[in-house]
Peer 1: 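Structure below; questions to follow.
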There are 2 protein chains.
Amino acid sequence: MNKRQPITIKEVAEAAGVSQMTVSRVLNKQKLVKESTRLRVEAAIAALNYRPNLMARGLAGGKSKLIGLAYYNPSPSYLSALLVSALKQCRDLGHHLVIEDLSDIEGDLDNSVIIGRLSSIRLDGLILAPPLSNNRTLLKLMQDMGIPVVALSYRDPGSNHSSVAFDDVAAAFLMTELLIENGHSRIGFIRGPLEHPSARQRQIGYENALKAHDIPVDKSLIFDGDFTFKSGMDLANDVLELKTPPTAIFASNDDMAAGVIAGAQRRGVKVPSELSIVGFDDTAIAAAIWPRLTTVKQPIAEMAQTAVDMISDITSSAWDGEPAHVTIDTIQIIERESLVKRS
Amino acid sequence: MNKRQPITIKEVAEAAGVSQMTVSRVLNKQKLVKESTRLRVEAAIAALNYRPNLMARGLAGGKSKLIGLAYYNPSPSYLSALLVSALKQCRDLGHHLVIEDLSDIEGDLDNSVIIGRLSSIRLDGLILAPPLSNNRTLLKLMQDMGIPVVALSYRDPGSNHSSVAFDDVAAAFLMTELLIENGHSRIGFIRGPLEHPSARQRQIGYENALKAHDIPVDKSLIFDGDFTFKSGMDLANDVLELKTPPTAIFASNDDMAAGVIAGAQRRGVKVPSELSIVGFDDTAIAAAIWPRLTTVKQPIAEMAQTAVDMISDITSSAWDGEPAHVTIDTIQIIERESLVKRS
DNA sequence: GTGAAAGCGCTAACAC
DNA sequence: GTGTTAGCGCTTTCAC
């Protein structure tokens, strides 16, 4: 009884009194099947509770229905948001998500075990989260293997893979303006690691907004973080030890912003009354601290969903081979308690 | 040049001057191959940069090298910890991780699309995170399909699947004792949702410790949370509106503990000087708030690793069919700033 | 519209 | 030790 043989297409064909080929056509929703036979086949499938074998399909047809998602040191909440959305879309589209964590790859990516893994599994496509989205080595490898790639949050000018991005410059610009509107002019900026393309973009948005409001860009107010909570917490000390500390801080992601808040509170500095702090992403941590973060909502869910859609399209239809580039341009700022008007 | 045909075992066999079978034996590390021929085959594999096709292997051999991980509404940091560890172990063992998010399954699991997915993909095994680990319907489905299951954080007495657990009772007991040692006797407890077996266990540990120290269990100090940050934040109000509020609160997970801290701070209550708060899990959020949480370290990484090991063992060796049950019994309390001696 | 034949790349079971 | 023969369950190609 246990571990009984699963039903195969052959049995379905016999039950329906047709050939395997017809069953296969019904399965793949091809149009060239007569309505009446299709109904008969569908009845047999339901009656036998038949489930196609993905491995067999993959071997014969070349499509694995497997989509990969690779990332490198993401923050837990960013990863979680990415997963939830990618997973849902995969389920809706009949794909499965295979995760590859490249965080602790030591040495050359070229010679790493990861290549073997990626080429063994025959993914239909690979989604690259930043900062992998601009990793030339990885991109080249995928291209050589003929695996379609969708890069998140970075559009490589001279590339031939698809991408889904967000206008980080505009978003950071808006957030900085909000700070300025609230009476802040000495605004500290905590930058992300430069291997993340978005880190530079957000800085540009910040500087542009300052210039647009005739506030000089003060390099001593720009700090280098690494997108982790800890770096924000450590940097809070540097910021607060300035002879004239800023009245507000714009951290380029929520984790660092939360870190700055914690670091300030640890030193007895009141947030937001003595120091306003805003973040970027609107991941779970933004609402899981007190005061809650005013932050830019990065459309992580939409981006992930779009990426899955793209790969699904590439796989299913006769794809023209042209990479697609999408930019989500809904920019939204979520206002909470961490930013107040300058007193 | 692009999308060239991958090398197959046949080409390797020809290059090495042996049969496909010999190559297959080398690939599968079987012992019955002469050293000299093995070297020759390995050289050919390296020279051609051959990568076995997982789909073909799965079809022919019955092992997919795919391990599933299913979860339901996990906290981002719990999920992240689980993933990191499961992924690493999968990589070390040559498996791939396929994620199934069952969070928003509506209606009967029986009739849901998820069954179709799970039976199509031919997983080598499935890891069930709580509260899925005691979901009888799911367990039954997997058993009927002959897919080995490892349940996390819950050992079902009359079950025939494996499990990896942690002694939640003992851990909660120790934490409660630490609170008592710090002079607290009015200790509030925030319980998790009862569909999580661990939620009850932790409550038992808390009550046992109280009794062991002759402190009566006061039901009015026990609150029902749902493991989310928000529930902790909301409950902070209830707790602090008691005529005689507790001097310390033990929340059954870090997310709720962080919520209680935020809720208390929002009301102007100083943590930890006016109210000590401790958590359970030691996930990322515990160190990402201020004050940082004193908490029980749940061995999520070890549990995940062990679960992957178990499935790998079941798949590879001649498994005797007996479910294995492991309990990680290293209990560790991480002391940080959220708990202080009662003044 | 439907079916028959031929594989996809690999491993199980057997031979030698 | 190594090779041979059959498939695994499906889709492709090409008949009809």
Side-chain angles (χ1 to χ4, degrees), chain A residues 3-41 44-45 48 50-66 94 119-122 124 146 315-316 318, chain B residues 3-42 44-45 48-66 94 119-122 124 146 315-316 318:
Chain A
K3 205 151 196 168
R4 64 171 184 285
Q5 295 307 321
I7 310 293
T8 72
I9 200 174
K10 195 177 165 195
E11 303 169 63
V12 176
E14 280 165 8
V18 296
S19 74
Q20 299 186 19
M21 216 27 245
T22 303
V23 178
S24 175
R25 286 192 180 101
V26 172
L27 249 37
N28 294 290
K29 309 198 191 312
Q30 291 180 226
K31 297 278 88 178
L32 12 148
V33 182
K34 209 201 303 179
E35 182 70 9
S36 62
T37 46
R38 213 197 61 229
L39 258 33
R40 202 145 36 87
V41 171
I45 290 176
L48 293 171
Y50 164 73
R51 309 293 177 190
N53 181 322
L54 217 72
M55 300 278 147
R57 283 234 273 210
L59 221 210
K63 288 115 199 305
S64 63
K65 288 286 181 187
L66 260 27
S119 41
S120 249
I121 198 177
R122 261 74 173 179
D124 280 351
T315 310
S316 61
Chain B
K3 206 148 195 167
R4 64 169 184 288
Q5 295 307 320
I7 309 293
T8 72
I9 201 174
K10 194 177 167 195
E11 302 170 64
V12 176
E14 280 166 8
V18 295
S19 74
Q20 298 186 20
M21 213 34 237
T22 303
V23 178
S24 174
R25 287 192 178 102
V26 171
L27 250 35
N28 294 289
K29 307 198 192 311
Q30 291 178 228
K31 296 280 86 180
L32 11 149
V33 183
K34 209 202 300 179
E35 182 69 9
S36 61
T37 46
R38 211 197 63 229
L39 258 35
R40 203 144 37 88
V41 171
E42 279 169 351
I45 290 176
L48 294 172
N49 198 24
Y50 164 73
R51 307 292 176 192
N53 180 324
L54 218 71
M55 299 279 149
R57 243 133 85 120
L59 223 210
K63 290 115 199 304
S64 63
K65 288 285 180 190
L66 261 28
S119 41
S120 249
I121 198 177
R122 263 71 174 180
D124 280 350
T315 310
S316 61

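Labels below follow one simple rule: chain letters A, B, ... track the order of the sequence lines, proteins then strands, and each chain is numbered from 1. Keep in mind the model is a prediction, meaning the values are calculated, not measured.
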Peer 1: Mind checking the CG-CZ spacing from A/Leu27 to A/Arg51? Nearest 0.5 Å is all I need.
Peer 2: 11.0 Å
Peer 1: Nearest-Å distance, CG (A/Leu48) to C1' (D/dG9)?
Peer 2: 15 Å
Peer 1: Name the closest nucleotide to the B/Gln20 side chain, picking from C/dC10, D/dC10, C/dG9.
Peer 2: C/dC10
Peer 1: Nearest to the side chain of B/Ala60, which nucleotide is it out of D/dT13, C/dT2, D/dG7?
Peer 2: D/dG7
Peer 1: With a cut-off of less than 4.0 Å, is there a side-chain N or O of B/Thr22 near OP1 or OP2 of D/dG1?
Peer 2: no
Peer 1: Please report, rounded to the nearest Å, how far the P atom of D/dT11 is from the NZ atom of A/Lys65.
Peer 2: 10 Å
Peer 1: Just how far is it from atom CD of A/Glu14 to atom OG1 of A/Thr8, taken to the nearest 0.5 Å?
Peer 2: 8.0 Å
Peer 1: To the nearest Å, give me how far apart CG (B/Leu39) and P (D/dG1) are.
Peer 2: 15 Å
Peer 1: For the side chain of A/Pro52, starting at C-beta, report the closest nucleotide among C/dC14, D/dT11, D/dC10.
Peer 2: D/dC10
Peer 1: Between B/Val18 and B/Val23, is any pair of side-chain heavy atoms under 4.5 Å apart?
Peer 2: yes
Peer 1: Where the side chain of A/Tyr50 is defined as all heavy atoms beyond and including C-beta, which of C/dT11, D/dC10, D/dT13 is the nearest nucleotide?
Peer 2: D/dC10
Peer 1: Closest heavy-atom contact between B/Arg122 and B/Ser64?
Peer 2: O-OG, 2.7 Å
Peer 1: OP1 or OP2 of C/dG9 less than 4.0 angstrom from a side-chain nitrogen or oxygen of B/Thr8, does that happen here?
Peer 2: no
Peer 1: Is any side-chain nitrogen or oxygen of B/Asn53 closer than 4.0 Å to OP1 or OP2 of C/dC8?
Peer 2: no
Peer 1: For D/dT11, does OP1 or OP2 lie under 4.0 Å from any side-chain N or O of A/Arg57?
Peer 2: yes
Peer 1: Measuring from the side chain of B/Lys34 (C-beta onward, heavy atoms only), which nucleotide among D/dT2, D/dG7, C/dA12 has the closest atom?
Peer 2: D/dT2
Peer 1: Please report the distance, rounded to the nearest Å, between CE in A/Met21 and C1' in D/dT13.
Peer 2: 9 Å
Peer 1: Hey, is the main chain of B/Ala16 close enough, under 3.5 Å, to the side chain of B/Arg40 for a donor-acceptor pair?
Peer 2: yes
Peer 1: Check whether any side-chain N or O of A/Asn53 sits under 3.5 Å from a backbone N or O of A/Met55 as a donor-acceptor pair, and report yes or no.
Peer 2: yes
Peer 1: Tell me: NZ of B/Lys29 to C1' of C/dT11, nearest whole Å?
Peer 2: 16 Å
Peer 1: Can you figure out which of D/dT11, D/dG9, C/dT11 approaches the side chain of A/Ala56 most closely?
Peer 2: D/dG9
Peer 1: Ignoring backbone atoms, test whether B/Thr37 places a side-chain nitrogen or oxygen under 4.0 Å from the OP1 or OP2 oxygen of D/dG1.
Peer 2: no
Peer 1: Figure out the CD1/P separation between A/Ile9 and D/dC8, and round it to whole Å.
Peer 2: 14 Å
Peer 1: Measuring to OP1 and OP2 of C/dT11, would you say a side-chain N or O of B/Ser24 lies under 4.0 angstrom away?
Peer 2: yes
Peer 1: Check the distance between C/dA12's P and B/Leu32's CG and give it to me in whole angstrom.
Peer 2: 12 Å
Peer 1: With no angle test and no hydrogens, is the base of C/dG3 tied to the side chain of A/Arg25 by a donor-acceptor pair under 3.5 Å?
Peer 2: yes
Peer 1: When the nearest nucleotide of DNA chain D is assigned to B/Gly61 and to B/Val33 on a heavy-atom basis, which residue is associated with the more 5' position?
Peer 2: B/Val33
Peer 1: Could you tell me the separation between the CZ atom of A/Arg40 and the C1' atom of C/dG1, rounded to a whole number of Å?
Peer 2: 12 Å
